[in-house]
Amino acid sequence: MINTRLLKNFDFLLLFLTLALAVYGLVMIYSATHVMGLADPFFYVKRQAMWLGAGMGGIILVSLIDYQNFSNWARYIYLIGLAMLGAVLILGEGTEVQRWIHLGFIDIQPSEYAKLVLIIILARVLSEREKHLGENFFAFLPTLLFTAVPMILVFMQPDLGTAMVFIVILFGLLYVAGVNWKYIMGIIGVGAAFAPFAWAQLAVYQQMRLLSFLNPELDPMQSGYQLMQSKTAIGSGGVIGKGLFDGTQVSLQYIPEQHTDFIFSVLGEELGIIGSAGLLLLFFLLIYRILWIGTQSKDTFGSLICCGVAIMIAFHVLVNVGMTMGIMPITGLPLPFISYGGNSLLVNFLAVGLVINVGIRRQKIQF
Amino acid sequence: MSKLMFKRLRILLIIMVCFFVVLGARLAYLQVYQHEYYMFRAEENRLTKMPIPASRGKVFDQQEKELISNRPGFGIFLVELEEDYDRETLKFLSEQLELDTEEIKRKIHENRYTRYRPVHLKNVDYETMAKIAEHQWKLQGVNIEVQPLRHYPFNEVGAHIMGFLSKAPPSDSSKEQWKNDGYDYRQGDLIGQGGLEKAWESTLRGEDGEQLIETNVLGQAINYLDRREPVPGDNLYLTLDIEMQRIAMESLENQIKKLQNDGNRYAQRGTAVVIDTQTGGILALASYPSYDPNTVKEDYKDLQKDPRHPMVNFALSGTYPIGSSYKMVTGAAALETGSISERTVYNCAGTYSAVGDTRSCLGVHGNLNIYRALAVSCNIFFYRAGLQTGIDNLAYYTREMGLGKQTGLQDITGEVSGVVASREYKEERHGERWYQAETMSAAIGQTFHRFTPLQLAVYTSIIANAGKHYRPFLVEKVETHEGEIIKEVEPEIVNHADFSQRTFRIIQEGMRQATAPERFAGREFRDFPIEIAGKTGTAQVARRGSGIPPHGVFVSYAPYDDPEIAVAVLLEHGESGASGSSPVAREIKDYYFREELGDNSGD
């Protein structure tokens with residue numbers, strides 16, 4: 001039951017930052033989509049708001065359950081996650097890109113949830129073996145297997161971006177959990193040796209995207225073109241921007257995927273460096289707050305959950321924003337809370353919910 | 001939380017801070033440092049300039065009759081195209097416009113990056129337009145626009161002078177010249193081909209306007225911004241008398257048909273040139289057969305296959321031997337060099353032997369002076385006069401008479417210079433030296449002499465006005481579309497022919513006698529109340545007995561005592577100047593002197 005004791009530790013600042021980002025996102029989604037000539041200019045905004053509502057419900061729901069239960073349920077959660085990823089591949093058999101499970105009124109994107117699932121299982125495994133991570137090379141090896149299985153499933157969709165998120169979460173958590181850094185370097189070395197093999201497994205368009213990032217002239221009409229339009233939007237925004245809903249690149253739809261992957265470009269064009277740097281600041285405050293809660297956690301599992309969530313969000317921001325500005329490859333990772341896409345929004349809300357949960361139950365003894 | 005974990009968490013935080021700093025620095029670089037550049041790129045994305053074609057200048061004849069005008073044509077366009085197009089519309093248009101659906105799809109596809117620009121499918125006539133308009137309610141994105149269509153009301157008459165429009169790419173030199181005149185050629189522009197349309201391109205075309213459009217990523221127009229109105233092209237007023245041109249064309253056609261009906265299958269082409277002797281203004285410049293500039297696009301292949309080359313303006317580009325019509329040159333040169341005088345008398349006994357060669361005359365003319373020699377066109381008189389004068393003098397005086405060199409016409413292109421028989425020409429062209437016997441042939445217009453019909457008219461005009469070589473011209477006035485005169489052409493003397501007035505008077509009198517009513521050459525003008533001066537020519541083009549008839553030439557001017565017009569008529573294989581060509585000259589003069597002649601000449 002909820003009592004004031006728990007409510008006292010509820011981190012309203014984190015909730016506020018989360019909602020601020022989500023509302024910021026709604027405004028930008030409206031800006032990016034009302035020019036598309038839809039019958040209902042609020043179509044996308046309404047759908048996203050619906051998911052935001054679900055996210056709020058999710059935060060409350062997750063907060064009610066003691067997070068330590070998630071540690072106990074970690075294996076079942078993990079198996080459900082794998083089952084969903086497997087279902088995507090089976091249901092989507094024959095199509096080029098398999099990413100969603102269609103449930104009639106709603107589309108589920110298991111790879112989004114898999115990120116959170118991975119954080120939970122890794123936090124569980126690492127917190128269990130915390131004592132041995134420093135000197136026993138074999139203590140952390142199971143985490144590699146736990147990561148590899150969903151990664152391969154996601155890779156087969158194929159979704160390169162999410163696979164990269166898994167790797168970053170894995171290494172981030174290994175590091176924070178206290179695995180000897182020499183072991184980590186060794187694993188990275190082995191991984192690098194297998195990189196050419198991994199490259200061969202990439203779809204041609206993914207290879208093209210990476211190459212195009214390294215050399216934009218290679219494919220100017222496709223990826224390079226997208227990138228140029230995105231940079232043009234951001235650069236033309238200047239200091240104060242062209243004004244909300246007044247971006248020409250946006251309203252004339254020169255920006256590719258402007259309500260999803262490239263929504264940061266919309267923001268940059270219309271609100272200038274004030275709006276875009278402001279957004280980065282919001283993200284930083286959010287991440288800082290999550291990490292702070294992690295330091296307050298009563299147990300390692302809670303700390304690692306917080307670190308995992310912070311790493312996940314930070315990596316998304318880095319890759320997505322970097323992509324729109326031409327310093328990261330075009331991977332299709334959404335900008336958390338901002339990009340249109342319900343599954344991503346819900347997962348991020350659930351993640352914040354978990355962190356709040358850790359925060360609520362930070363003290364072992366309550367008076 | 002363990003100390004190690006806390007330490008590592010701090011390092012993780014520092015790494016994240018670094019990443020955020022990098023992102024922030026990149027933002028500052030793009031949005032502050034490179035802002036101007038990206039602002040320019042965004043504007044370039046957004047704005048497109050669409051040309052608004054200017055209406056082309058008109059052309060009028062000296063009576064201000066419209067020779068080239070613009071009349072409404074109907075352009076069928078497809079607009080506001082989405083990714084997909086309506087099958088029914090496509091099928092209907094394909095049937096009505098007689099275009100392949102694939103062809104229409106290709107045109108749409110070509111336009112995919114510039115969707116603000118309507119796709120032009122075809123220009124149609126009123127009936128087709130009406131049929132499409134009737135069904136427009138069920139067609140998707142079909143627009144009918146009135147488009148000025150270049151119209152040549154006189155069709156074949158004067159086509160070589162007018163030229164036509166097409167999208168054929170121009171030469172680089174033309175492009176450069178237009179650029180200097182302020183017109184920047186773009187691929188696909190309709191431009192003048194031949195005649196005035198080509199030579200006066202930059203005057204006629206006007207200045208295209210421009211519409212600034214805001215376009216989206218699909219190239220669809222979102223907003224219409226600044227607009228600069230087009231400036232219509234300037235109008236040309238010609239010296240040409242289209243009625244005379246029409247009479248000349250019809251008369252040439254009649255003569256050729258008549259010859260063909262009499263079994264002469266060689267008679268296919270003819271030209272007639274009429275020049276105002278007091279200005280050099282061209283009143284008629286006819287070359288038969290011709291083509292219709294209104295339908296030249298459809299007829300082009302047939303025209304190219306026609307062995308008569310109807311698209312070539314033979315009045316400027318054809319070079320011909322002119323036979324006895326040349327004899328005025330020999331006479332004038334002999335007089336001018338003192339080789340003969342007004343009183344010199346030669347005897348014609350039917351044959352003449354000199355310089356190792358024996359030549360014959362068409363008759364036995366007895367004793368004759370220069371007047372009578374011209375009147376009866378005695379070969380022997382001119383053989384002797386020519387030998388006395390020498391080929392070098394003949395060549396010089398030929399050019400002085402305006403023959404074998406460009407006349408100076410600038411208003412349309414295509415003029416060639418022809419050939420003057422000379423020592424130099426023979427050596428250069430055939431690598432052989434000149435024989436004196438050839439001087440005799442040259443003296444009666446044979447051997448290498450090749451002249452254009454326009455030169456013949458200029459030559460006649462020079463004789464008529466005693467030495468003034470006026471530059472022949474067609475355009476006498478240029479006006480803006482608002483009626484402001486921007487150019488008025490004054491007659492220009494390009495050369496004073498190097499002969500004395502006395503020489504001209506002798507030659508003029510000889511020509512008068514040649515066309516006197518009792519003469520063979522004057523037959524056609526027997527009942528003509530105005531005195532004319534002229535000379536026929538029958539130019540051999542093949543060996544006697546080959547069955548190929550000679551060209552018929554007739555040059556003349558009138559009135560004799562106060563010349564106004566010079567007329568040169570040349571019928572290829574027209575058999576003789578008197579029978580083939582002079583009837584054409586007669587019809588032209590009947591028209592020109594219609595007021596003096598009273599009602600009996602009219603229709």
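Labels below follow one simple rule: chain letters A, B, ... track the order of the sequence lines, proteins then strands, and each chain is numbered from 1. Being a predicted model, the structure only gives us computed values, none of them experimental. Basis for what follows: all heavy atoms, side chains included, without hydrogens, waters or symmetry-related copies.
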Just checking [X]: does its [atom1] atom have more than 12 heavy atoms from other residues, nucleotides or ligands closer to it than 6.0 angstrom?
| X | atom1 | answer |
| --- | --- | --- |
| B:Lys175 | NZ | yes |
| B:Phe74 | CZ | yes |
| A:Tyr24 | OH | yes |
| A:Ile240 | CD1 | no |
| B:Glu43 | CD | yes |
| B:Glu176 | CD | no |

Using non-hydrogen atoms and a 4.5 Å limit, figure out which bit of [X] sits close to chain B: side chain, backbone, both or neither.
| X | answer |
| --- | --- |
| A:Gln296 | neither |
| A:Ala177 | backbone |
| A:Gln253 | both |
| A:Val317 | both |

At a heavy-atom distance under 4.5 Å, which candidate from B:Gln34, B:Met39, B:Lys7, B:Glu36 has the highest pair count against chain A?
B:Met39

Based on non-hydrogen pairs under 4.5 Å, which of B:Val32, B:Leu12, B:Val22 is most in contact with chain A?
B:Leu12

Engaged part of [X] at the chain A interface, taking heavy atoms whose separation is under 4.5 Å:
| X | answer |
| --- | --- |
| B:Leu23 | both |
| B:Tyr37 | side chain |
| B:Ile15 | neither |

If we only count heavy atoms from C-beta on, is the [X] to [Y] side-chain gap below 4.5 Å?
| X | Y | answer |
| --- | --- | --- |
| B:Asn45 | A:Leu252 | no |
| A:Ile287 | B:Phe20 | yes |
| B:Leu27 | A:Phe264 | yes |
| B:Tyr38 | A:Ile234 | no |
| A:Val239 | B:His35 | no |
| A:Met328 | B:Arg26 | no |
| A:Met325 | B:Tyr29 | no |

Counting heavy-atom pairs under 4.5 Å to chain B, which of [options] comes out on top?
| options | result |
| --- | --- |
| A:Gly247, A:Ser303, A:Ser276 | A:Ser276 |
| A:Leu291, A:Thr232, A:Leu281, A:Leu280 | A:Thr232 |
| A:Gly272, A:Ala277, A:Ala310 | A:Gly272 |

[X] [atom1] to [Y] [atom2] distance, which is reported to the nearest 0.5 Å:
| X | Y | atom1 | atom2 | answer |
| --- | --- | --- | --- | --- |
| A:Trp292 | B:Leu9 | CH2 | CG | 13.0 Å |
| A:Thr295 | B:Arg10 | OG1 | CZ | 11.5 Å |
| B:Ser2 | A:Leu133 | OG | CG | 10.0 Å |

Quick check against the 3.5 Å criterion: does [X] have a side-chain atom that pairs as donor or acceptor with the backbone of [Y]?
| X | Y | answer |
| --- | --- | --- |
| B:Arg46 | A:Thr248 | no |
| B:Arg41 | A:Lys231 | no |
| B:Gln31 | A:Ile273 | yes |

When you look at A:Leu318 and B:Met16, which way does the side-chain contact (heavy atoms from CB on, under 4.5 Å) test go after all the steps?
CA-CA 9 Å; A:Leu318 172 72; B:Met16 285 180 181; over 6 Å; no

For A:Thr300 versus B:Met5, what's the shortest heavy-atom pair and its separation?
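So the minimum-distance heavy-atom pair works out to CG2-SD, 3.8 Å.
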
